[in-house]
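Scroll down for the structure; my scribbles are underneath it.
Along the sequence shown, residues carry numbers from 1.
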Amino acid sequence: KTANIVLNVSFGIVEGIAVDTHVNRIAHRLALSPKTHEKEPLKTEQDLLKLLPREYWRDVNHQWIRFGREVCSAKAPRCAECPMADICPSVGKC
Ligand code: SF4
């Protein structure tokens, strides 16, 4: 995770997605990675790399961290205001 962030932020090199707590939570709430990978960020990263086009990898961390803080928070997700609510399998269940 740290290596991905350093490469991305310091050198503009994008070789993966840093799966922190926000990215991991959002990936699993949206069922973009199977539940069996919930405690394995490296496997979650591989799932996301297969799903998301490479041109989006750079922005996932910044955008998903903000989304995780402002909308899809760990303790009180704001599903009623979430733009993903109509496609999210976890809407109203967290
Ligand atoms: S609908 Fe709720 S659980 Fe799903 S992504 Fe939005 S805030 Fe998160």
(request) Grab the two heavy atoms, one from Pro83 and one from Phe67, that are nearest each other, plus how far apart they are. (result) CD-CE1, 4.4 Å

(request) Mind checking side-chain contact (heavy atoms from CB on, under 4.5 Å) for Arg69 and listing every partner two or more places apart, or none if nothing turns up? (result) His22, Ile65

(request) Keeping to residues at least two apart or across chains, list the salt bridge (charged side-chain N to carboxylate O under 4.0 Å, His left out) pairs with something in residues 53-64. (result) Glu15-Arg54

(message) Please give me the minimum heavy-atom distance between Gly92 and Cys79, naming the atom from each residue.
(response) N-SG, 3.5 Å

(request) Return the set of residues passing side-chain hydrogen bond (donor to acceptor under 3.5 Å, both in side chains) with Arg29 (not counting sequence neighbours), or none when no residue passes. (result) none

(message) Going by side chain to side chain donor-acceptor pair (under 3.5 Å), name the pairs with one or both residues in residues 72-82, residues two or more places apart or in two chains.
(response) Arg78-Glu81

(message) To the closest 0.5 Å, what do you measure between NZ (Lys39) and NZ (Lys35)?
(response) 8.5 Å

(request) Mind jotting down which residue pairs meet the side chain to side chain donor-acceptor pair (under 3.5 Å) criterion with at least one end in residues 85-94? Sequence neighbours excluded, please. (result) none

(request) Supply the atom-to-atom distance Ile87 CD1 to Leu30 CG, rounded to the nearest 0.5 angstrom. (result) 6.5 Å

(message) Going by side-chain hydrogen bond (donor to acceptor under 3.5 Å, both in side chains), name the residues that satisfy it together with Asn24, two or more places apart in sequence or in a different chain.
(response) His28, Thr44

(request) Group every Ile, Leu, Val, Met, Phe, Trp and Tyr by side-chain heavy-atom contacts under 4.5 Å, then state whether Val91 and Trp64 land in the same group. (result) no

Under 3.5 Å, side-chain donor or acceptor atoms of residues 45-53 against the rest of the protein: list the pairs with distances, not counting sequence neighbours.
| from | atom 1 | to | atom 2 | distance (Å) |
| --- | --- | --- | --- | --- |
| Glu45 | OE2 | Asn4 | ND2 | 3.1 |
| Glu45 | OE2 | Ile17 | N | 3.0 |
| Asp47 | OD2 | Ser33 | OG | 2.6 |
| Asp47 | OD2 | His37 | ND1 | 2.7 |

(message) On a heavy-atom basis, which atom in Val23 and which in Ala18 lie closest, and how many Å separate them?
(response) CG2-O, 3.8 Å

(message) To the closest 0.5 Å, what do you measure between CE (Met84) and SG (Cys72)?
(response) 9.5 Å

